[in-house]
Amino acid sequence: MDLYDLRSEFNKSGIMMCFNGPFSHSIIEETGKAMRTYLTAENIAQAAVLDVFAVYIELAQNVRNYLVVREITPPEALSSIITIAQNGGVYTVSSGNMVLHEDGKALLARVEEVNGMTAEVKKRQYRELLRQDLAPGLIGAGLGFLEISRRTTGKLECTFRVVDDTFGFFTLTAII
Amino acid sequence: MEFITLEPTSATPSISYNPATQTLYIIGESYPENSFDFYAPVISWLRTALTELPGLTLDIAVTYMNSSSTKCAFDIMDTMEEAYGRGVKSAIIWRYDRENPRSYEMAEDFREEVTFPFVIEAIEE
């Protein structure tokens, strides 16, 4: 693989940061810190820095929590990717990871559902989820997609691509 | 019923309790690896404390929290609300960052969820 070509691809897409590999909490944290430092130095409004950071955290933690909760262990399936791109003042955060086929379908349906909600419905569902008791063993409260969509402009974009009999690759993109 | 102070890390806030003023302080940012594990001891301490104390103030200055921390913050407030219903003097001082409109919106969203005194104040530099 030619690193120069890879770098050129990144630059062409405006990707300023990318992590590819198994996510650990410390990697998520360090990448997030570096991103914040970078964005703050760019002199963009603090609220915008925090929106990009918040979307990044939700996406990255979603990926990691999913793989932990589903007890997914094959190294090829653990390797995930997250990118943060900037094009003319618009920030795009994308994540991609392996999911079980049936989860892929559920995720696509959930994103479509969230995309179809008005701001008011989103807020109402967010409040309902806050009040719900959680089943033991859960790491997330199911709030992630709502949280992301409240901080983004436009709809969330997602794709699912079948990889083998067990797994497919799910991507989620949010534009801030 | 001693509270074990939690020191801050980059992903977790400091949490401390002042028994003289019956105030629980949460200061920093909150996006732990597992928010439920992180907040469980705090919520369990709070449940006991609210059966023994006449009142409790939560003084919180968290300008960013991830969604699962938001759920935990809600559970803390819900516990305080329940105690308020039994006559415990629950109160919250929520400090927001002037530079960050989101932290004010978050405070307002939380205030809507409770009926006890909830003051929103800017963090003074």
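Each chain gets a letter, A, B and so on, in the order its sequence line appears, and its residues count up from 1.
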Using a strict cut-off of less than 4.0 Å between a Lys/Arg side-chain nitrogen and an Asp/Glu carboxylate oxygen, indicate whether [X] and [Y] qualify as a salt bridge.
| X | Y | result |
| --- | --- | --- |
| Lys123(A) | Glu112(B) | yes |
| Arg7(A) | Asp2(A) | no |
| Glu124(B) | Arg98(B) | yes |
| Arg131(A) | Glu113(B) | yes |
| Glu58(A) | Arg151(A) | no |

Tell me, for [X] versus chain A, whether the close heavy atoms (under 4.5 Å) come from the side chain, the backbone, both or neither.
| X | result |
| --- | --- |
| Glu105(B) | neither |
| Asp37(B) | neither |
| Tyr31(B) | both |

Asp103(A) (side chain) donor-acceptor with Val99(A) (main chain) under 3.5 angstrom = no

Residues of residues 10-43 of chain A within contact distance of chain B, non-hydrogen under 4.5 Å = His25(A), Glu29(A), Lys33(A), Arg36(A)

Which of Cys72(B), Pro32(B), Ser103(B) touches chain A most, by non-hydrogen pairs under 4.5 Å = Pro32(B)

inquiry  = Under 6.0 Å from the ring centre and within 45 degrees of the ring axis: does the NZ or CZ of Arg150(A) meet both conditions for the six-membered ring of Tyr126(A)?
reply    = yes

message = For Thr152(A) versus Ser149(A), what's the shortest heavy-atom pair and its separation?
response = OG1-O, 3.2 Å

remark   = If one checks every heavy atom of Leu50(A) against chain B at 4.5 Å, the contacting part turns out to be side chain

query = Would the number of heavy atoms belonging to other residues, nucleotides or ligands and lying under 6.0 Å from CD of Glu108(B) be above 12?
reply = yes

task = Flag the one option from Leu130(A), Asp51(A), Ile57(A) with the top tally of heavy-atom pairs under 4.5 Å to chain B.
result = Leu130(A)

